[in-house]
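A note on names: the letters A, B, ... follow the listed sequences, proteins ahead of strands, and every chain is numbered from 1.
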Number of protein chains: 2
Amino acid sequence: MATLVDIANYTGLAISTVSKYFNGGSLRPYNKTKIENALKVLDYRPNQAARTLKTKRTYSIGILVPNLQSSFDTHIITAIEQELTAANYSSILCTYGSDPKIEAKKLRFLLDKQVDGLALLPSGTIHKELFEYLEENKKIVLFDRVLDGFSFDAVITNNSQITEDLVDFLVMQGHREIGIITNTVYTGSQRLEGYKHGLIKHGIEIKESLIRIGSWSIHDGRNHMDSLLTCNPRLTAVIACSEELCLGTVQILREKKIHIPDDISVVGFDMYGISTLTDPAITAVEQPVDEMGKNIVDILLRKIQLDEVQVGTIHCFNASIDNRQSVRHIPQPY
Amino acid sequence: MATLVDIANYTGLAISTVSKYFNGGSLRPYNKTKIENALKVLDYRPNQAARTLKTKRTYSIGILVPNLQSSFDTHIITAIEQELTAANYSSILCTYGSDPKIEAKKLRFLLDKQVDGLALLPSGTIHKELFEYLEENKKIVLFDRVLDGFSFDAVITNNSQITEDLVDFLVMQGHREIGIITNTVYTGSQRLEGYKHGLIKHGIEIKESLIRIGSWSIHDGRNHMDSLLTCNPRLTAVIACSEELCLGTVQILREKKIHIPDDISVVGFDMYGISTLTDPAITAVEQPVDEMGKNIVDILLRKIQLDEVQVGTIHCFNASIDNRQSVRHIPQPY
DNA sequence: ATGAAAGCGCTAACAT
DNA sequence: ATGTTAGCGCTTTCAT
């Protein structure tokens, strides 16, 4: 692998002149062609480690997410990557398996790789590495969740409002015994809040027996749906607050020969490709992942290029309810 | 951010002594504690760019895959990452969206990042970057597919044999008009081959009207299943050779009110979490992703640590048929 | 427009 | 065991 020195020797030019050729300085045309000829023979590639050592820039962005099992995450990652590639930036993708310890480790790894910026779907734990990113003037944008007490910019969805809308919708269809399976993280608790608002708005009592809070897993979807059924004989609908939870919910209902939507109505979140796999297709909340991904990159690049400071702006996108066939209309008595 | 020089100044030691502290040389205990005290005050982090510039090593491995939409890919990535983390290596994950142009670009990016090794799920195109990896003594392991004419090690599955087994199974259940939806890439054509072997073995004629070859997409799954139905009125079973194709197949059958398995039996590949979403659950071929991921890392690290040369060994794992409820038993006339 | 030279932070001989 | 020093490949003043 050739270096700048090799090219300098080959052409008889100074190394700094050759460097200027690559970094867009003005060169005598004669020397320009000399270098270009050398390039044909020498197969030169700039050494990024050397360049980074000198400039502290890498033109790459770290993307850090819990895992690749949820299609919301993989879709938004894909959108981010495409946008980044278009802007001639590269991405380094890491996962932390929902484990704050590994999250800190990966945060460290990306910091050590000297990424220019970071798109982070955080666990919620505040790591000291986060402060170092700020100190070293790295640009950070959070997505899907916010981090309280920090002034990070974040790209999120109107979780609370859309869940309230969901309750509206279910109530309009005649449901009053509506269960919810959610979790403790930001999105989960926002959705729970919307659920409560919705019920209150319609004068329906909030019953703890209808609320299940656990983790974002198929396993918990199964267990919580099961327990919801045994505790609430009059249950007619359930909101499963993630793709995994909804998968678990559908699974257990199928096993128990409980029919959707005749016996129980089900609505999910973020089902993307698989919402139409079941029979009937699942009504679900969908987030505008492509726009969100694009927005994340826009913010990041603007920060990097204009050196904008962190102000903690929240960019909130509107999710929508994709109405399919998993909600039953219950005729009301007069 | 402190450097080795800062620590050297703080402790009064030479910079090389401090370097040795981090790289495991022998130090006087007295000096060791001096450095450790300095560390408490100085918050030092080795500059990886400088270290790489000097040593040409990064302790990181590139993982390059087409995309994150298929759960086979995300599962095997997860397995690779876990194994790598356990061995104190890091991973840089990139996707190329099934586009050979972007594949070359990402190959380049990872090479420029000076990864020590590469786990690649290749598009099939031979890029010049691949030769550079070899030249620069990077360690490569392919997975899921092989690259003809190269002597890269590869970790794959017995695609042909398992599909032949699948045909065996279907024939035993009384099926003779068996369609297949597959694609042109390595795994797709291997599976097609197994399909043909299976039919021949049972003395069943191979009919082109039962074979559909396209891309690995939900869209193609829908279209090809549709066309299979119209062209083959006596069709009783279909093999969908990927998760996406199977999703499309199930979708269109549902829309057309064609019942699985009473009207048509369906078997898929790599359905992982979602095989039990449908009613009935889908019988599918599953690959041992965890073992495969572990094996990929083992080979890679052995190569790196022992500087083993490329010999083109094929590591072939056995897939298995997870029999669920999407295949009907057809009673045979005497 | 071009060149000389310093230095980014580190490792690894080599000398002591 | 510790220190001195050269140099990895590049960018960037500063002269010319």
### Message
Applying a 4.0 Å non-hydrogen cut-off, can you work out what A/Ser19 is touching in the nucleic acid: base, sugar-phosphate, or nothing?
### Response
base
### Task
Answer with base, sugar-phosphate or nothing: what part of the nucleic acid does A/Tyr44 contact at a heavy-atom distance below 4.0 Å?
sugar-phosphate
Send over the distance from [X] [atom1] to [N] [atom2], rounded to a whole Å.
| X | N | atom1 | atom2 | result |
| --- | --- | --- | --- | --- |
| B/Arg28 | D/dG3 | CZ | C1' | 12 Å |
| A/Lys56 | D/dT12 | NZ | P | 11 Å |
| B/Lys32 | D/dA1 | NZ | C1' | 12 Å |
| A/Asn47 | C/dC8 | CG | P | 18 Å |
| A/Ile35 | C/dA1 | CD1 | P | 13 Å |
| B/Arg57 | D/dC8 | CZ | P | 17 Å |
| A/Tyr59 | D/dT11 | OH | P | 10 Å |
| B/Tyr21 | C/dC10 | OH | P | 15 Å |

### Message
So if I take every side-chain heavy atom of B/Pro46 and compare against C/dC10, D/dC10, D/dA1, which nucleotide ends up nearest?
### Response
C/dC10
### Query
Thinking salt bridges, do A/Lys303 and A/Asp153 make one under a 4.0 Å N-O criterion?
yes
### Query
Between A/Arg108 and A/Glu132, does at least one N-O distance fall below 4.0 Å, as a salt bridge requires?
yes
### Message
So which atom in B/Asp6 and which in B/Thr3 form the shortest heavy-atom distance, rounded to 0.1 Å?
### Response
OD2-N, 2.8 Å
### Task
Please report the closest heavy-atom contact between B/Asp116 and B/Arg57, naming both atoms and the distance.
OD1-CA, 3.6 Å
### Query
Closest nucleotide of DNA chain D for B/Ala50 versus for B/Ser26: which of these residues is on the 5' side?
B/Ser26
### Polar pair under 3.5 Å, donor/acceptor by atom type, side chain B/Ser16, base D/dT4
yes
### Task
Classify the side chain of B/Lys54 and the base of D/dG7 as holding, or not holding, a donor-acceptor pair under 3.5 Å.
yes
### Message
With the threshold set at under 4.0 Å for non-hydrogen atoms, list the residues of residues 1-15 of chain B touching DNA chain D in residue-number order.
### Response
B/Gly12, B/Leu13, B/Ala14
### Query
Closer than 4.0 Å, any side-chain N/O of A/Arg51 to the OP1 or OP2 of D/dT11?
yes
### Task
Give a yes/no answer on whether the side chain of B/Asn23 brings an N or O atom under 4.0 Å of OP1 or OP2 in C/dT11.
yes
### Query
Taking it one step at a time, do B/Tyr89 and A/Phe109 satisfy ring-ring contact (aromatic ring centres under 6.0 Å, His included)?
CA-CA 10 Å; B/Tyr89 269 74; A/Phe109 169 70; over 10 Å; no
### Message
In terms of relative ring orientation, are B/Phe131 and B/Phe150 parallel, tilted or perpendicular, with 30° and 60° separating the classes?
### Response
tilted
#### Entry: A/Tyr272, OH atom: more than 12 neighbouring heavy atoms under 6.0 Å
yes
